Every structure is written in C-alpha cells, then in structure tokens.
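As structure tokens, the structure follows; a few thoughts come after it.
Naming: A, B, ... by sequence-line order, numbering from 1 per chain. Since the model is a prediction, treat every value here as computed from it, not as a measurement.
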Amino acid sequence: MLLWRFSPPFGISGSLNLSPQVALEALHIPTVWPPMLDAFSRTVVSADAKTAPVGGSELASLREYVQDGNKRLDAVNAITSNAYCIVSDAVTGMICENTGLIQAGGNCYPTRRMAACLRDGEIVLRYISYALLAGDASVLDDRCLNGLKETYIALGVPTQSAGRAVSIMKSAATALIGQTNTPANGGAKYRKMETTQGDCSALVAEAGSYFDRVIGAIS
Amino acid sequence: MKSVVTTVVTAADAAGRFPSQNDLEAVQGNIQRAAARLEAAEKLAAGLDNVTREAGDACFNKYAYLKQPGEAGDSQVKVDKCYRDLGHYMRLINYCLIVGGTGPLDEWGIAGAREVYRTLGLPTNAYIEALTYTRDRACAPRDMSPQALNEFKSYLDYAINALS
C-alpha cells in the first residue's frame, strides 16, 4: 500500500495559524510540482539551454507528432477505455503466478491490501496515459516514479511482483493500441478497438517504453 | 511549461482521473492548428538574425537620441546588448510558436522584465517600437502563409502588450 499524496496537515497549520502552503514548506514538502513538459516544450527547453531558436531538423519530430496526432489520441483512448480490464488482469495475473501473495502474510492479503495494489496499478497506468498523451515521460517521472521505489521498499511492497504486474499491463496495453490482440489471448475479455487500421508501431514502441520506464524505476 | 497538453494533464491529475474525451478533443484542436504554428516557427528561426537586425535598426532610427552620451545606447557594447535582447524576444516567440502557448514568453521573457528594465533605466518604448516594426513589416505570403503570419503576429502583440 502506498500513501500517494500527502494531504495538507491542517492540524499543524491550524495550531500555528499558518496557511497549509506555509506549513508544508516549513516541513520541506514541496508545494509546487516540478515542471511538466510535452513533446513541444521539451524541444523548447533543450533549445533554450543553447540559446538557439527551434528550427530545421528539430521540427521534423514535432511534425511527426502532429501528423500522427489522431493515432496518439486513439492510443490514449485504448488505454483509458480499458483501464479497469488492464489493471485487474495484471494484478490477477501477478497473483496467479505467485499465489503466496494472497495467503496469510502475503502482500495481497487481506483484501484491503489487494485493493491498495489495484489502486496503485490504476495510478501507474493513469500516469502512463498522461505521458503517452504528452509524448514525453516527464509527467510520469515527476509525479509518479520519483521516490516510488523508496516508498515501496519502506512499506515492504515486493517490487519484483509490482514490476511483473506492470509488464502484464504493458502486454495488454500495447496489444490494444496496436490491435494485435487475438481472441485466443483475450479469452472472455477479448476486445478490439474500432479504430482505422494503420501502422501504429511507433506508438506501440513509445507506450511500451513508458511501461519499461516504470519497471526500471522500481526494480 | 504551460501548453494545452500540460493544462489538460494537470486538470486530469488534480481530479485523479484518466484523460477524458473532452481532454482528447482539446488536444486534437491544438494539433489541428499546429501546422501553421510550426511553419511560422521555422520561417522565424531561419530569418531570426535578419528580423532582429531590422527591428533594432528601426528602433534606433525612431529614437536616435538613444545613442547620445548618457543614454541607453551610448556605446557599441550597449547597442549590441539591445540587439541581443531583441534576439531573445524573437527566440522566445519562436518557442511560443512551437509550444502553442505563451508559456516561454511568460516564464522567461515577461516575469520580472518590468523590474529589470526599471533598475537598468532602459526605455521599454524602444522595445515596443522594435517589435511593432517587425509586426507591421511581416507580410503574407512573402514571409509566410497568412495563417502562420497570424500566429506569429499574435505573439508579437502579446509581447508588446506585456511591455507597454
């Protein structure tokens, strides 16, 4: 289980008569998130470091983002529309491969802890959907992965199992985006997104890289 | 960095939900207008030095007193710095055209500019004149397509309004 967000300590701020923000800063908890970038602002930030305008070859990858914009939105939709299925399958699959998790003493026992696990799966998938929409991993890094491993270790969450759940989510999400899922793989939950057929290999690879980033960050 | 995508993601994250259809539509609208923005950015980047020089020349032509002793441009070093600053504004406008929002101008060009100019005793009128000259000089289709020019001019106007 994971304390995802620090709720403002109103008790402290009340007794000291401070605003929640002042109280948070006094506790050295950042109240302003690090910058979030998308594919466009990422180019701008790296150009600014060289005090050079963005032009020529750097525009090519941005034009690609624009050109494949609809594909990208379809890909995000493929994840969000199937989020519940992707997450529950991944957690169930993780447990099927390691049934010790739901026996007494396991990290998915009792249901309260399995619920925390499902919630974390959904949070990770949500940040991956943001990263895919933005075309940049910064939102995933800043708001989800930063400190995640340390938190899991402190709370005794087995990071190997968590990584396995993420890799199952990766298989499901990339199959849905690339429309490579088959009735044989999907079973009773088989579903094909009704989008125009085309080459989605670049987006499948990009989405996969965000899942790999999560696995890399916690293992 | 403020842009349509980051605004949408920030709102979705604050509510703890996946990107909704509304969010995807908002991004789609941004993408549809992107071709003109990128064209303007490309043309501006290619002609950045010329645009900057012409703008600076226009400014010193109109306010010739600036080069007199004791004024903001009384040495070549100071004149060069004026051209450099104009180059920075043009570069930030190039960034705004890339991002599709005023984020770069706001964060790197406008925040604190008033205080800095007052401290250094620099006249903002001169910058306004230079940017206005660029705005009025640019024309379609000689410099870029009409839609691209429209995007470019809207950011020039934004900078002018922020300085005045």
task: Answer yes or no: does atom OH of Tyr190(A) have more than 12 heavy-atom neighbours from other residues, nucleotides or ligands under 6.0 Å?
output: yes
- prompt: Can you pull out the residues in residues 87-94 of chain B with any heavy atom less than 4.5 Å from chain A?
  reply: His88(B), Arg91(B), Asn94(B)
query: Which heavy-atom pair separates Asp13(B) from Tyr127(A) by the least distance, and what is that distance?
result: OD1-OH, 2.6 Å
query: Given the options Leu44(B), Leu97(B), Val27(B), Thr6(B), which has more heavy-atom pairs under 4.5 Å with chain A than any of the others?
result: Thr6(B)
Extract all donor-acceptor atom pairs below 3.5 Å that involve side chains of residues 118-130 of chain B and protein atoms in other chains or at least two apart in sequence.
residue	atom	partner	partner atom	Å
Thr119(B)	OG1	Glu115(B)	O	2.8
Tyr127(B)	OH	Asp85(B)	OD2	3.0
Glu129(B)	OE1	Lys62(B)	NZ	3.3

Val99(B) to Phe40(A) - nearest heavy-atom pair and separation: CA-CB, 3.9 Å
- prompt: If contact means a heavy atom pair closer than 4.5 Å, which residues of residues 151-164 of chain B contact chain A?
  reply: none
- prompt: Out of Asn77(A), Asp136(A), Val139(A), Ile79(A), which one racks up the most heavy-atom pairs below 4.5 Å with chain B?
  reply: Asn77(A)
Sequence neighbours left out, cut at 3.5 Å: what donor-acceptor pairs do the side chains of residues 61-71 of chain A make with other protein atoms?
residue	atom	partner	partner atom	Å
Arg63(A)	NH2	Glu42(B)	OE1	3.0
Tyr65(A)	OH	Leu133(A)	O	2.9
Lys71(A)	NZ	Asp199(A)	O	2.8

Part of Pro104(B) lying under 4.5 Å from any heavy atom of chain A: side chain
- prompt: With a 4.5 angstrom heavy-atom cut-off, which part of Val8(B) approaches chain A: side chain, backbone, both or neither?
  reply: side chain
query: Can you tell which of Ser3(B), Gly100(B), Gly16(B) has the highest number of heavy-atom pairs within less than 4.5 Å of chain A?
result: Gly16(B)
- prompt: Going by heavy atoms in the side chains, are Ile98(B) and Leu59(A) under 4.5 Å from each other?
  reply: yes
